[in-house]
Amino acid sequence: MTQLSDRVLNMATSATLAMAAKARELKAEGKDIIGLSLGEPDFNTPDFIKEAAIQAVNDNYNSYTPVDGYAELKDAIITKFKRDNNLNYKPSQIVVSTGAKQALANIAAVLLNKGDEVILPCPYWVSYSDIVKLNEGIPVEVKTSIDNDFKLTPQQLEAAITPKTKMIWYSSPCNPSGSVYSKAELRAIADVLQKHPNIIVVSDEIYEHINFIGGHESMAQFDDMFDRTVTVNGVSKAFAMTGWRIGYIGAPKSIARACNKMQGQVTSGANCIAQRAVITALNESPDRVQYMIDEFKVRRELILSLLNDLEGFKTNVPEGAFYVFPDISHFFGSTLKGKRIENATDFSLFLLEHANVATVTGIAFGNPDCIRISYAASQEQIIEAIRRIKEAVS
Ligand code: PMP
Ligand code: GLU
């Protein structure tokens, strides 16, 4: 039998992708599954972006691109950072990658040495911890509380820092909690980091536009943080372009150069047609995709009001992204339809089996008391899913 590497054997399978695959499989078997597991907009990519891609095919964009992205795309990203975030990056600070996921993998690969610690406020996005471990870093999970909207406090950060701390990674709006850090909250975190000048911040802002409170805040906006923050972003979420696989960073020059070198050996750069389409996407005003955000907002109200009526589901009010992350520990120790529920994974599997609704266990996000429900689904699907869940748990 082939002996696989310890690296891959020690790696967890992406729980979000695994649950989506399982739901797909069950659907193919004829089961009526409602998939609320994957964080993927259920909209089509807007026509103006599709047209740019078709034009690029017809214009014979078929060659390797510069490893770190077309110059025009880097210009569009610089314009976007300036317009939306008031950040002033130079072309040498931008790297385009095959999704924000690869951008994160690059960052870990170029910054981590064995044993370096990365602080991950919990809940964190599912892949952070395995990307860190893959690069021999140590994820340091810091538990946050639902009563504090799952946000890291300055005191918690201070307590988690050790001489081995290399980075802190977080997303705002947060996948999976939907929490959005305010400017004052980011400043308070920055104040702690002032005492620890070698720690790099990785600010994952991929849900930037899916924000229901208005006003996205970037860590790099603070002059004293700009040179030690990597701003990660991408088009998967706001532009409904998950499959196009384009993400990017704005970073200190040395980190950007290293990421460029890394992907020069691993992928040679992101897909050329997708890059051309993203030039168009980013050069347009974000208003062009506001209709999707408006719809996510309506769905958020809907799912929150439906969950409110469900006993045993304690939920914070997500201010962005398209997830709710209810604490369902109320059910631990109980038996539902003959199935013993000991943890969030049992509960999520119970919902798949007995309600035909796919969710994701909170364990994958570093929080064993919760499950993640994506509301990137139609209102009818949301209503039906919560009805089924209610029936299954009652
Ligand atoms: N960061 C977060 C917080 C995410 O939810 C996702 C999900 N796709 C990513 C990064 C990666 O995005 P992509 O690779 O599709 O750009
Ligand atoms: N980010 C999405 C999610 O959390 C897509 C899946 C993935 O990339 O893991 O569900």
Side-chain angles (χ1 to χ4, degrees), residues 11-24 35-42 45 69 73 77 95-108 118 120-132 134 150 168-181 202-211 216 219 230-249 259 263 267 270-271 274-275 277-278 281-282 296 318 320-325 348 358-367 370-377:
M11 193 176 175
T13 300
S14 163
T16 46
L17 299 183
M19 196 53 155
K22 183 145 182 83
R24 232 177 266 135
L36 304 183
S37 59
L38 197 59
E40 166 155 80
D42 55 330
T45 303
L73 177 52
I77 291 167
V95 180
V96 178
S97 297
T98 303
K101 200 179 248 180
Q102 195 205 359
L104 290 161
N106 283 341
I107 295 162
V118 179
L120 305 180
C122 299
Y124 50 77
W125 180 48
V126 60
S127 292
Y128 288 177
S129 139
D130 274 281
I131 290 175
V132 167
L134 188 62
F150 291 115
I168 167 172
W169 285 23
Y170 69 91
S171 59
S172 176
C174 174
N175 177 0
S177 69
S179 305
V180 174
Y181 283 86
V202 173
S203 173
D204 182 344
E205 304 182 12
I206 195 161
Y207 293 95
E208 165 187 12
H209 295 302
I210 307 171
N211 175 320
H216 171 78
M219 182 60 94
V230 182
T231 307
V232 177
N233 212 320
V235 292
S236 284
K237 311 297 172 172
F239 295 94
M241 294 180 76
T242 47
W244 297 67
R245 311 304 306 125
I246 300 289
Y248 55 88
I249 57 167
C259 289
Q263 71 182 26
T267 62
N271 173 283
Q275 286 194 48
V278 173
L282 293 182
F296 286 132
F322 35 61
Y323 310 102
V324 280
F325 197 59
S348 175
T359 58
V360 186
T361 172
I363 291 174
F365 305 91
N367 185 319
C370 299
I371 58 166
R372 189 188 78 176
I373 306 177
S374 161
Y375 55 86

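Counting starts at 1 for both ligands and their atoms, in listed order. Just so you know, these numbers use all the heavy atoms, side chains as well, and skip hydrogens, waters and symmetry mates. Because the structure is a prediction, the values reported are computed rather than measured.
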Q: Does the residue E40 have a heavy-atom contact with ligand 2, meaning some pair of atoms that are separated by less than 4.0 Å?
A: no

Q: Among all protein heavy atoms in this structure, tell me which lies nearest to atom 8 (O) of ligand 2, with the distance rounded to 0.1 Å.
A: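 Looking only at protein heavy atoms, the one closest to atom 8 (O) of ligand 2 is K101 NZ, 3.2 Å.
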
Q: Pick one of side chain, backbone, both or neither for how M19 approaches ligand 2, counting any non-hydrogen atom pair under 4.0 Å.
A: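 Neither; nothing of M19 gets under 4.0 Å from ligand 2.
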
Q: Under 4.0 Å from a heavy atom of D204: which atoms of ligand 1 are those, numbered in the order shown and with their elements?
A: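 Counting from 1, the qualifying ligand atoms are 1 (N), 2 (C), 3 (C), 10 (C).
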
Q: Among protein heavy atoms, which sits nearest to atom 8 (N) of ligand 1, and what does the distance come to when rounded to 0.1 Å?
A: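 Closest protein heavy atom to atom 8 (N) of ligand 1: K237 NZ, 2.9 Å.
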
Q: Ignoring hydrogens and angles, tell me if any N or O in the side chain of R372 forms a donor-acceptor pair with the backbone of G362 under 3.5 Å.
A: no

Q: Which atoms of ligand 1 have any heavy atom of I206 under 4.0 Å away?
A: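 Answer, ordered by atom number: 1 (N), 2 (C), 3 (C), 4 (C), 12 (O), 16 (O).
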
Q: How far is atom 9 (O) of ligand 2 from its nearest protein heavy atom, and which residue and atom is that?
A: T16 OG1, 2.7 Å

Q: Quick check: Y207 with Y323 (ring centres under 6.0 Å apart)?
A: yes

Q: How far does CG of L104 sit from CH2 of W169, to the nearest 0.5 angstrom?
A: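 These two atoms lie 5.0 Å from each other.
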
Q: May I ask you to check if ligand 2 and S127 share an N or O to N or O distance below 3.5 Å?
A: no

Q: Counting only nitrogen or oxygen atoms and a 3.5 angstrom limit, does Y128 reach ligand 1?
A: no

Q: Out of curiosity, is G247 lining ligand 1, as in a heavy atom under 4.0 Å away?
A: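 Under 4.0 Å: no for G247.
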
Q: Where is the nearest protein heavy atom to atom 2 (C) of ligand 2: which residue, which atom, and how far?
A: K237 NZ, 3.3 Å

Q: For the atom pair CG (L120) and OH (Y128), what is the distance rounded to the nearest 0.5 Å?
A: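 Reported value, rounded in 0.5 Å steps: 8.5 Å.
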
Q: For ligand 1, indicate whether the residue R245 contacts it via side chain, backbone, both or neither (heavy-atom separation under 4.0 Å).
A: side chain

Q: When rounded to the nearest 0.5 angstrom, what is the spacing between CD1 in I246 and CG in L73?
A: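 Output value for this atom pair is 7.0 Å.
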
Q: Please confirm whether S14 approaches ligand 2 to less than 4.0 Å, judged on its heavy atoms.
A: yes

Q: Side chain or backbone of N175 under 4.0 Å from ligand 2, or both, or neither, by non-hydrogen atoms?
A: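 Contact part for N175 vs ligand 2: side chain (C-beta onward).
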
Q: Does V360 approach ligand 2 within less than 4.0 angstrom via side chain, backbone, both or neither, non-hydrogen atoms only?
A: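 For V360, there is no contact with ligand 2 at all, from either part.
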
Q: Any N or O on Y323 sitting closer than 3.5 Å to an N or O of ligand 1?
A: no

Q: Give the atoms of ligand 1, by number and element, whose distance to some non-hydrogen atom of N175 is under 4.0 Å.
A: 3 (C), 4 (C), 5 (O)

Q: Starting from atom 11 (C) of ligand 1, find the nearest protein heavy-atom neighbour and note its residue, name and distance.
A: W125 CH2, 3.5 Å

Q: Looking at L38, is its backbone amide N or carbonyl O close enough to the side chain of S374 to form a donor-acceptor pair, meaning the two atoms are under 3.5 Å apart?
A: yes

Q: So, does K237 use its side chain to make a donor-acceptor pair with the main chain of G39 at under 3.5 Å?
A: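 Present.
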
Q: Look only at the side chain of T98 and the backbone of Q102, and say whether a donor-acceptor pair between them is shorter than 3.5 Å.
A: no

Q: Locate the shortest heavy-atom distance separating A103 from V232; write the atom from each residue and the value.
A: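 That would be CB-CG1, 4.4 Å.
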
Q: Taking all atoms of both residues into account, what is the closest heavy-atom pair of Q275 and A270, and its distance?
A: NE2-O, 2.9 Å

Q: Which residue owns the protein heavy atom closest to atom 16 (O) of ligand 1, what's the atom, and how far is it?
A: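 Checked against all protein heavy atoms, atom 16 (O) of ligand 1 sits closest to A100 N, 2.6 Å.
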
Q: Any nitrogen or oxygen of G39, side chain or backbone, less than 3.5 Å from one on ligand 2?
A: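 N/O-N/O distance below 3.5 Å exists for this pair.
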
Q: Quick one: does T231's side chain have a donor or acceptor within less than 3.5 Å of a partner on S203's backbone?
A: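 Looks like no, no N/O pair under 3.5 Å.
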
Q: I need the atoms of ligand 1 closer than 4.0 Å to a non-hydrogen atom of Y207, numbered in the order shown.
A: 3 (C), 4 (C), 5 (O)

Q: State whether the side chain of D130 and the backbone N or O of A12 hold a donor-acceptor pair below 3.5 Å, judged by distance alone.
A: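 Judged by distance alone, yes, a pair lies under 3.5 Å.
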
Q: In a check of side-chain hydrogen bond (donor to acceptor under 3.5 Å, both in side chains) between N233 and each of E205, H209, E208, which one passes?
A: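 Option passing the side-chain hydrogen bond (donor to acceptor under 3.5 Å, both in side chains) with N233: E208.
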
